[in-house]
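Each remark here refers to the structure printed beneath this line.
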Amino acid sequence: MSTKLFVGSLPWSANDEDLQNAFAAHGNVLSAKVVTDKETRRSRGFGFVEFETEAEANAAIQALNGAELKGRNIIVSEAKPKK
DNA sequence: GTTGAGCGTT
């Protein structure tokens, strides 16, 4: 279990605040970030969201996995540790 | 002015 969520299939127009705005409705978002390309500064189409608790994270997964964001159906699942 | 499975720049 983890409080970090992996969010995929994001629209190219999605930003950090778009993620936080969408996930904040289902839990306390500690941090939301869309991974952007370092060279082009454009979104890679996926991001990460961290919740206050695992319960909220799991609730957000079930609530937003497959949900529509900016016209795109997003994928939400538990993220793997960065380190 | 593009792309579409995956697991993060600083």
Side-chain angles (χ1 to χ4, degrees):
Chain A
M1 292 308 220
S2 175
T3 59
K4 289 192 183 64
L5 304 182
F6 168 79
V7 187
S9 297
L10 291 173
W12 314 117
S13 55
N15 301 316
D16 295 350
E17 56 183 288
D18 290 321
L19 271 186
Q20 184 168 359
N21 182 52
F23 283 78
H26 294 276
N28 299 319
V29 179
L30 297 184
S31 61
K33 174 170 42 194
V34 173
V35 180
T36 51
D37 191 272
K38 194 195 305 185
E39 304 179 45
T40 63
R41 295 294 155 179
R42 299 184 190 192
S43 52
R44 290 185 181 176
F46 69 93
F48 295 91
V49 178
E50 185 173 6
F51 275 93
E52 176 69 37
T53 64
E54 298 177 359
E56 293 173 338
N58 288 311
I61 292 178
Q62 297 175 81
L64 296 175
N65 183 30
E68 183 184 287
L69 181 61
K70 291 187 178 297
R72 223 54 173 180
N73 214 253
I74 64 177
I75 302 301
V76 183
S77 61
E78 181 180 312
K80 296 187 284 194
K82 188 189 341 186
K83 300 174 189 173

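What you see is a predicted model, and the numbers here were worked out from it, not measured in a lab. Lettering follows sequence order; numbering is per chain, from 1.
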Determine, step by step, whether A:Phe48 and A:Val35 satisfy the side-chain contact (heavy atoms from CB on, under 4.5 Å) criterion, reporting the C-alpha distance in whole Å, the side-chain angles of both residues, the deciding distance to 0.1 Å, and the verdict. CA-CA 8 Å; A:Phe48 295 91; A:Val35 180; 3.6 Å; yes
Could you tell me whether the side chain of A:Thr53 reaches within less than 4.5 Å of the side chain of A:Thr3, counting heavy atoms only?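 A side-chain contact is absent here, since even the closest heavy-atom pair is not under 4.5 Å.
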Given side chains that start at C-beta, do those of A:Phe23 and A:Leu64 come closer than 4.5 Å, heavy atoms only?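 In short, these two side chains touch, coming nearer than 4.5 Å.
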Going 5' to 3' along nucleotides 3-8 of chain B, which nucleotides have protein heavy atoms under 4.0 Å from the base (write B), which only from the sugar-phosphate (write S), and which from neither (write -)? BBBBBB
Checking side-chain contact (heavy atoms from CB on, under 4.5 Å) for the pair A:Gln20/A:Val49: CA distance, chi angles, key distance, verdict? CA-CA 7 Å; A:Gln20 184 168 359; A:Val49 178; over 6 Å; no
Within 6.0 angstrom of A:Arg44 CZ, more than 12 heavy atoms from elsewhere: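 Yes - once you tally the heavy atoms of other residues, nucleotides and ligands closer than 6.0 Å, there are more than 12.
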